[in-house]
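Inspection log for the structure reproduced underneath, given as structure tokens.
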Amino acid sequence: MSELNKIALNIVSSGKGILAADESTGTMSKRLESVKIQSSEENRLKFRSILFSSKSMNNCIGGVILYDETIKQKYNGSTIPELISKSGAITGIKVDTGAKMLAKVKEEKITEGLDGLRERLKNYYELGARFTKWRAVYLISDNYPSKLAINVNAHALARYASLVQEAGMVPIVEPEVLMEGNHSAQDCFNKTSEVIKKCFDELIFQKVDLKGVLLKPNMILPGLNSNQQISSDQIAELTLNCIINSVPSEVPGIAFLSGGQSEFEATKNLNTINKNNRTKFIMTYSYGRALQQSALKHWSSNINDVEGTQKVFNHRANMCSLASMGKWTEEVDKN
Ligand code: 13P
């Protein structure tokens, strides 16, 4: 087993998933301000280190994705990567520099960050990172995602992934087809399948070792503004079919993003996926909002209540962990 394959499996095996705490300062500021907390460097560190020192880190979180600011911070004398590895989790880092408008196309985006990436990766490795994330975003509408957006983002994701493997780390490849829009679940299935297939064509073309990659896709859902209602069983079926049709069998794990689903929905849908999982892929979570929302709300009501905040976070992490094994129930979530 290669070193990269070992790292990838350690992150997603045994009921573990990923805590995505890599919100850029702009996004984190919005999250904090939405609960009336000032977005200072100190407050961002305070909230995040409460999560990173929670009990559930030991059995539910295999990896934590950090933002550049956080990987360089210290808490109680330890660096943040040291704090994370104390719980047995692996430190990851977001290395893209954001999605920007494509030239000549008004609405679609290309993710940037390849310039100087080789040097930045070396630095992140020295700081303790062993895996990375790069997120491409795609809109769905009648004309989108265009072949242009699909091709250029796949190309960038593959260039990123091969540099990351060269630096001794596992790349998370995240092609996120957004929930915004009035598209049907079938549209989401068709577009997501096309996007993921193209990503793997490029990864293979650029000689990326698929055993040392984790895929972070969206689940297959109807658009937020569509009137379509589908059951968790249908979501799981479409999502499983999409993965089976588009992901090569060498990939060790799939870690879904929550993408705007509520904590409850993201957990329930992951559980249904795992109850019906007929593939060899490990299917787990790489959630940002669906792991942090309630904890942030609780913390904002009393920022000195470390224990209370950790209790809320531990519950969410435990529920996601059960869901990653298909063992979650609504009753246990509510108690
Ligand atoms: P959400 O789970 O909040 O969608 O965030 C995951 C993520 O890392 C998006 O890039």
Side-chain angles (χ1 to χ4, degrees), residues 11-12 16-32 34-35 47-48 51 60-71 89-100 109-113 129 131-140 153 156-157 160-161 170-181 188 192 195-196 199 214-221 223-224 235 239 253-270 273 283-297 313 316-317 319-321 323-324:
I11 296 170
V12 296
K16 292 187 180 184
I18 299 170
L19 167 60
D22 61 322
E23 299 86 356
S24 65
T25 302
T27 303
M28 194 58 189
S29 298
K30 278 190 215 146
R31 302 261 155 91
L32 291 171
S34 75
V35 290
F47 177 65
R48 285 167 164 160
L51 303 185
C60 305
I61 306 294
V64 181
I65 318 174
L66 300 177
Y67 184 59
D68 182 72
E69 174 183 87
T70 324
I71 200 170
I90 300 176
T91 294
I93 179 81
K94 183 226 292 290
V95 301
D96 68 67
T97 55
K100 311 282 160 60
K109 291 183 173 175
I110 172 71
T111 301
E112 297 188 344
F131 75 103
T132 65
K133 177 186 119 173
W134 180 289
R135 171 176 176 256
V137 286
Y138 308 83
L139 280 175
I140 301 189
N153 276 298
L157 273 164
Y160 140 81
V170 168
I172 292 188
V173 170
E174 180 180 8
E176 176 174 5
V177 179
L178 295 169
M179 273 172 80
E180 282 79 17
C188 179
T192 304
V195 161
I196 295 178
C199 285
L214 292 170
L215 178 70
K216 175 163 173 165
N218 48 285
M219 292 179 193
I220 304 300
L221 299 159
L224 280 176
I235 292 167
T239 304
I254 315 283
F256 293 98
L257 57 95
S258 61
Q261 297 181 76
S262 68
E263 291 174 335
F264 185 82
E265 284 166 342
T267 314
K268 180 176 179 165
N269 290 334
L270 178 64
I273 289 170
M283 307 259 190
T284 188
Y285 48 95
S286 177
Y287 291 165
R289 285 162 287 181
L291 272 171
Q292 298 182 53
Q293 225 158 37
S294 297
L296 179 62
K297 198 161 160 230
F313 175 70
R316 243 11 292 149
M319 293 305 102
C320 287
S321 173
S324 75

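Please read all numbers here as calculations on a predicted model, not as lab measurements. For ligands, and for the atoms within them, numbers begin at 1 and follow the listed sequence.
Note that OG1 of T111 and CG of N153 are 5.0 Å apart. Values are rounded to the nearest 0.5 Å. Atoms CD1 and CD1, from I11 and I90 in turn, are 4.5 Å apart once rounded to the nearest 0.5 Å.
For ligand 1, the atoms lying closer than 4.0 Å to a non-hydrogen atom of A20 are 8 (O). Taking every non-hydrogen atom of Y287 and a distance limit under 4.0 Å, the qualifying atoms of ligand 1 come out as 2 (O). Of all atoms in ligand 1, listed by their number and element, those nearer than 4.0 Å to a heavy atom of R289 are 1 (P), 2 (O), 3 (O), 4 (O).
No salt bridge links K94 with E174; every basic N to acidic carboxylate O contact stays at or beyond 4.0 Å.
Note: an N/O pair closer than 3.5 Å links G288 and ligand 1 by distance alone.
Here the side chain of E23 pairs no donor or acceptor atom with the backbone of R289 at under 3.5 angstrom. Judged purely by atom type and a 3.5 angstrom limit, Y287 has no side-chain atom pairing as donor or acceptor with the backbone of F256.
Heavy atoms of G259 come nearer than 4.0 angstrom to ligand 1 in at least one pair. Under a 4.0 angstrom heavy-atom cut-off, K216 registers as being in contact with ligand 1.
Contacts of S258 with ligand 1, taken as heavy-atom pairs under 4.0 Å, involve both backbone and side chain. With a heavy-atom cut-off of 4.0 Å, S286 touches ligand 1 through its backbone alone.
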- Task: Test Y67 against M28 for side-chain contact (heavy atoms from CB on, under 4.5 Å), laying out the working first.
- Result: CA-CA 10 Å; Y67 184 59; M28 194 58 189; over 6 Å; no
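Here the side chains of T192 and Y138 are not in contact, with every heavy-atom distance at 4.5 Å or above.
With respect to atom 9 (C) of ligand 1, the closest heavy atom belonging to the protein is E174 OE2, 3.3 Å.
Distances from atom 10 (O) of ligand 1 to the heavy atoms of K133, M179, E176, K94 show the closest one on K133.
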